[in-house]
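Okay, so here's the structure we're looking at.
No experiment lies behind these values; they were computed from the predicted model shown. No hydrogens, no waters, no symmetry mates; every other heavy atom, side chains included, goes into these values. Below, read A as the first sequence line, B as the second, and so on, with proteins coming before strands; counting in each chain starts at 1.
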Amino acid sequence: MALDENIYELRRQKLTAIEALGQTTYRSKYEFTHTIPQILADYSEKTAEQLENSRVNVRVAGRIMAIRLMGKAGFCHLQQGGQRLQIYVKKDAVGEKGFELYKLLDLGDHIGVAGYLFRTRTGELTIHVDEITFLSKDLLPLPEKWHGLTDVELRYRQRYVDLVMNPEVREVFLKRSKLVQSLRRTMEAHGFVEVETPMMQPIAGGAVARPFVTHHNTLDMDLYLRIAPELYLKRLVVGGFDRVYEINRNFRNEGLGWRWNPEFTMLEYYQAYADFHDMMDLTQELIMQAAKDVTKDKEHPDGITRTKWGDQEIDWGNWQRLTMREAIIKFWPDSSGAKPGMSDFASSDGVKKLVEHFNRSHSHMAYDPGEPVGKTIAALFEAVAEEHLTQPTIIYEFPTAISPLSKQKPDEPDWTERFEIYAGQMEIANGFSELNDPEDQRRRFEAQLKERERGDEEAHQMDEDYVRALSYGMPPAGGVGVGVDRLAMLLTDSHTIRDVILFPLLRPEKSSPSSENQAES
RNA sequence: GGGCGCGUAGCUCAAUUGGCAGAGCAACUGACUCUUAAUCAGUAGGUUGAAGGUUCGAUUCCUUCCGCGCUCACCA
């Protein structure tokens, strides 16, 4: 073989040689008797004698993750389901052709083996192979075996390699799957019906965010990728679905960051005849159950409520509830002078003074005196309190100015029956008693339009059909949105959202100049 | 978008003040029938992200661009 040929070409040639040995190079299926995790679960406790006395014949498939050749025998580690099992291949056992095949195998190849279980001299459970079946070739070399793949860009761009090399990454996504299952199970247990509402909407409503725009050719109309399913789910409540939920993607055309990906998964649910207090209770139960379901293992068959979060621990069985104003008072920094009193939130002058006091001792909090007071209070809350909210905390009573879809408090119209759940310094859920007065809703949309004219691109648009739906009468209802990605982060101790999204958004790969030339020629 | 940092072999990383681009793993050849980070002997592998500039000489210094990370602002 010429020395300048690269690995890809060499392996293609090996593939030809493997075919010459009578193997099918890309066969359709392989009949196996066990998976590797099954064998490890069932036979890890068996002694060498037990395995010798009652021989266990197995056929398994896997990817070669380590290979050691010693003249006329060799070992491999096969990986399947994130676990590894050793195989022992001896020329005497597999024959001339079988051993020729063994010598043509590379790291990363998929093979099937038939043989029996035994323990090596060092005691490792191993398959004594009688027959190797070639399944599929790895033409590109896997990353280095000691350090694996650590380059974060490559891990995200080539997640398939990341998953092969890093078992802990696989674990994160298995837990994410358990999380979503758990959420569905809790919803179903409470009698909620799962539905799917439009991802492409003529008006991007239900949240405050900039949308992605797309275009339908036949109808010649612009459509927005949804920023929330909210207004459609509530139309269903009008239609008589008293308990309804959806788990699906939302799209927001905003910046990226450790907590933000342009597409993210949201669980959203609505319950008729319930208010925000009922929704707090339900959501608390939902999340605690999710923590238990994700942490279930042999030691903890029912799961646990404590999960690791960096150098801290989050206890999902211990919740705190504070109003937004109480939270600002509670976490008010000493360096910003005397703690605010409730009356300070009542006037724009009072709030302005609070911001001034806070900014005197802290990095500047953006403040626009022209914006509604409620908006400033909410910003102040985030600046003062958010960083302290590691343990699960329900913050409730949000300003009406930033809650155009929530029902007002009967005794304080500037405040709404709305809550958000915080944990690990992140907002993970948002819920409220749904505004169901169509005329009030129209006025709220109109107030949002003023904000839009003031330059707030993200303020709500008027949705006439939604107002019409409410005009047919929506029962009293509570609704909640839960950020599934962020919950997955918290439950897997992942500190960037990209680690819980299989294929996070990246800039397109720039093709190298040489390949561009090839493309042009 | 702003600020800071990074980009060297397939992977993980070196390279003294600006002075011959190196190692381990992976690969290739050979030895080895219980190894496991297998071992032993040998071989090959590079437009140092790209383009320009300064210099006798640039992986190193400067400029621009590309990509990534962290961070700030908007957003969940």
The side-chain hydrogen bond (donor to acceptor under 3.5 Å, both in side chains) partner of His77(A) among Gln83(A), Arg84(A), Glu124(A) is Glu124(A)
Send over the distance from [X] [atom1] to [N] [atom2], rounded to a whole Å.
X: Arg155(A); N: rG67(B); atom1: CZ; atom2: P; result: 21 Å
X: Arg210(A); N: rG1(B); atom1: CZ; atom2: C1'; result: 10 Å
X: Met165(A); N: rA37(B); atom1: CE; atom2: P; result: 15 Å
X: Leu154(A); N: rC68(B); atom1: CG; atom2: P; result: 12 Å
X: Leu149(A); N: rU12(B); atom1: CG; atom2: C1'; result: 10 Å
X: Leu140(A); N: rG45(B); atom1: CG; atom2: P; result: 20 Å
X: Met65(A); N: rA26(B); atom1: CE; atom2: C1'; result: 12 Å
X: Ile67(A); N: rU39(B); atom1: CD1; atom2: P; result: 15 Å

In terms of side-chain heavy atoms, does Tyr269(A) have a donor or acceptor partner in Thr283(A) at a distance below 3.5 Å? yes
Paired nucleotide for [N] [Watson-Crick or G-U wobble; both distances under 3.5 Å]:
N: rG1(B); result: rC72(B)
N: rU33(B); result: none
N: rG22(B); result: rC13(B)
N: rU54(B); result: none
N: rC28(B); result: rG42(B)
N: rC65(B); result: rG49(B)

Any salt bridge linking [X] with [Y]? Criterion: basic side-chain nitrogen under 4.0 Å from a carboxylate oxygen.
X: Arg249(A); Y: Glu263(A); result: yes
X: Arg159(A); Y: Glu153(A); result: no
X: Lys97(A); Y: Glu131(A); result: no

5'-most contact on RNA chain B (nearest-nucleotide basis), Lys90(A) vs Asp151(A), goes to Asp151(A)
Of Gly255(A) and Leu506(A), whose nearest nucleotide on RNA chain B comes first from the 5' end? Leu506(A)
Please report the shortest heavy-atom distance between Arg452(A) and His460(A), naming the atom on each side. NE-O, 3.9 Å
Under 4.0 Å, counting only non-hydrogen atoms across every strand here, what does [X] touch: a base, just sugar-phosphate, or nothing?
X: Asn261(A); answer: base
X: Thr120(A); answer: base
X: Phe118(A); answer: base
X: Gln86(A); answer: base
X: Gly148(A); answer: sugar-phosphate
X: Leu69(A); answer: base

Would one find a side-chain N or O of Lys14(A) under 4.0 angstrom from OP1 or OP2 of rC28(B)? yes
May I ask you to verify if any side-chain N or O of Arg68(A) is less than 4.0 angstrom from the OP1 or OP2 atom of rU35(B)? no
Stacking between Phe264(A) and rA76(B), defined as ring centres under 5.5 angstrom apart with planes under 30°, is that present or not? yes
